[in-house]
2 protein chains.
Amino acid sequence: MAAPSRTSLPEIVAAGARLLESGGLDGLTMQAVARAVGVRAPSLYKHVADRDELVRLIAEHALADLGARLDVAAPDGVEPREGMRAAAHALRRFARERPAAFRLVFAPGAEATRPSPDVAYRATATVLRLGERLAGAEEGLAAARTVTAWASGFIAMELAGAFRIPGDVDHAFEFGITRLADALAGAAAGR
Amino acid sequence: MAAPSRTSLPEIVAAGARLLESGGLDGLTMQAVARAVGVRAPSLYKHVADRDELVRLIAEHALADLGARLDVAAPDGVEPREGMRAAAHALRRFARERPAAFRLVFAPGAEATRPSPDVAYRATATVLRLGERLAGAEEGLAAARTVTAWASGFIAMELAGAFRIPGDVDHAFEFGITRLADALAGAAAGR
DNA sequence: ACCTGAACACCGTTCAAGT
DNA sequence: ACCTGAACACCGTTCAAGT
């Protein structure tokens with residue numbers, strides 16, 4: 001038998017995710033990743049077809065992480081408006097901890113770097129369920145999308161530094177999610 | 001007197017914007033821009049400090065374009081809910097015509113490439129005014145931010161291919177903006 | 001079988017030398 | 001006074017040759 005791999009795909013993805021946060025997408029070079037896992041750049045191509053695939057794997061890993069956080073934040077049985085609130089806040093915490101990963105997931109660049117629909121679907125299951133319980137089976141998908149769009153847009157603006165006119169951003173977020181959840185629940189009540 | 005410039009900053013920015021849409025941010029290289037305006041790459045540094053500055057100028061130009069479109073879509077005196085609807089649709093049209101520029105503006109990367117607050121402020125003046133007329137002076141800023149967050153988030157998800165479960169995306173957008181405008185107007189009515 | 005140095009075709013950027 | 005070739009320090013990626 002011959003040389004066992006000196007590194008592994010999970011190790012590579014983890015190192016890549018760390019580099020992504022510390023140096024942005026530009027800092028995520030094959031050479032830097034290789035150095036972080038203790039090999040030379042060409043060896044990475046034993047585990048990954050090219051850099052775009054590595055970026056995609058990092059995005060998918062981040063998305064799975066986010067999905068797990070949403071599950072914890074809004075466990076089964078939580079009152080749905082409260083669950084939506086908790087999920088939105090969990091998304092915002094995720095974005096603060098991993099801003100570059102957030103951007104990768106919600107504003108991906110080249111096609112080849114986008115998370116697979118499968119991974120994306122699993123990550124959104126919690127919010128979809130909340131949407132259905134909040135707005136009814138019929139409008140559940142629309143409700144989940146509306147909240148996701150608003151929250152991710154708000155957070156993207158925040159990360160982009162769009163909220164320079166002070167105003168209390170924390171309060172605005174809380175205000176928005178509450179009002180949105182009420183409006184969507186109101187729709188279900190047939191008002 | 002000596003050699004006049006063989007190109008100009010506006011020409012460079014325009015060529016850059018074209019390359020951005022045709023080849024993404026990766027296709028926007030100094031060499032490609034130089035070729036497009038008929039000089040060699042080093043000459044660009046007479047007009048621009050570095051690539052990040054060029055990217056920023058392209059983003060600012062796109063933002064000004066967007067601001068002008070919003071003005072046209074929601075002229076002074078339009079009924080505010082209708083104006084908000086028109087502005088949201090104008091943003092979506094902009095994103096479809098210039099997806100890469102949209103991403104640059106709403107999900108910028110490195111600090112140095114972000115539009116200046118000044119340019120951003122001017123571009124949002126129309127929506128801010130609509131927000132104030134919709135939700136009152138007090139809550140106008142919050143209302144404008146809420147609609148902008150929702151619309152930009154929705155469109156970013158759309159561009160990212162997040163709406164694979166069909167559903168009628170056009171209808172969902174129309175539904176969302178109408179409901180949002182109503183909810184924000186309701187807030188002003190003190191309900 | 002994995003790992004590597006060397007190589008290739010690119011980048012962004014600088015700068016001395018041309019006109 | 002703008003323009004350029006040449007150069008430098010980087011990239012991503014391939015591949016023959018090492019172990």
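From a predicted model like this one, the values you see are computed outputs, not experimental measurements. Per chain, numbering begins at 1; letters A, B, ... match sequence-line order.
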- Query: Is the backbone of A:Val37 close enough, under 3.5 Å, to the side chain of A:Glu11 for a donor and an acceptor to pair up by distance?
  - Reply: no
- Item | side-chain N/O A:Ser43 vs C:dT4 OP1/OP2, d < 4.0 Å | yes
- Under the salt bridge (charged side-chain N to carboxylate O under 4.0 Å, His left out) criterion, do B:Arg122 and B:Asp118 qualify, and how do the steps go? CA-CA 6 Å; B:Arg122 258 195 299 277; B:Asp118 237 68; 3.5 Å; yes
- Item | Value in whole Å for how far the C1' atom of C:dC2 lies from CG of A:Leu9 | 16 Å
- Message: Rounding to an integer number of Å, can you tell me how far A:Asp52 CG sits from D:dT13 C1'?
- Response: 12 Å
- Which nucleotide in C:dT13, C:dC3, D:dC2 has an atom nearest any side-chain atom of B:Lys46: D:dC2
- Task: Specify the separation, in whole Å, of atom NE2 of A:His47 and atom P of C:dA1.
- Result: 14 Å
- Item | NZ/NE/NH1/NH2 to OD/OE distance under 4.0 Å, A:Arg69 and A:Asp65 | yes
- So, A:Glu82 and A:Arg85, do they make that salt bridge, N to O below 4.0 Å? yes
- Check whether any side-chain N or O of B:Arg6 sits under 4.0 Å from OP1 or OP2 of D:dT4, and answer yes or no. yes
- Of the listed D:dC3, D:dT13, C:dT13, the closest approach to the B:Met30 side chain comes from C:dT13
- Message: What does the B/S/- profile of nucleotides 14-19 of chain C look like, 5' to 3', with a 4.0 Å heavy-atom cutoff to protein?
- Response: BB----
- Query: If you check the A:Arg40 side chain, which of D:dC3, C:dC3, C:dT4 turns out closest?
  - Reply: C:dT4
- Task: Report the nucleotide, chosen from D:dT13, C:dG12, C:dC3, that has the shortest atom-to-atom distance to any side-chain atom of B:Thr29.
- Result: C:dG12
- Expressed in angstrom and rounded to an integer, what is the separation of B:Leu28 atom CG from C:dC11 atom P? 11 Å
- Whole-Å distance separating the CG atom of A:Leu54 from the C1' atom of D:dT13: 14 Å
- Side-chain (B:Ser5) to main-chain (B:Ser8) donor-acceptor, under 3.5 angstrom: no
- Task: Measure from CG on A:Asp50 to C1' on D:dC11 and round the result to the nearest Å.
- Result: 14 Å
- Can you check whether B:Phe163's main-chain N or O pairs, donor with acceptor, with B:Glu158's side chain at less than 3.5 Å? no
- Message: Restricting to non-hydrogen atoms, name the atom on A:Ala59 and the atom on A:Pro115 that form the minimum distance, rounded to 0.1 Å.
- Response: CB-CG, 3.9 Å
- Any B:Ile12 side-chain heavy atom under 4.5 Å of B:Thr7 side chain: yes
- Using Watson-Crick pairs (N1 to N3, plus N6-O4 or O6-N4) and G-U wobble pairs, both distances under 3.5 Å, which stems of at least 3 pairs involve DNA chain C? C:4-8 with D:12-16, C:12-16 with D:4-8
- Message: Starting from A:Phe154, can I reach B:Phe102 by hopping between I/L/V/M/F/W/Y residues whose side chains sit under 4.5 Å apart?
- Response: yes
- Query: A:Leu19 has an atom CG; how far is it from atom C1' of D:dC11, in whole Å?
  - Reply: 15 Å
- A:Arg51 CZ - D:dT13 P separation (whole Å): 8 Å
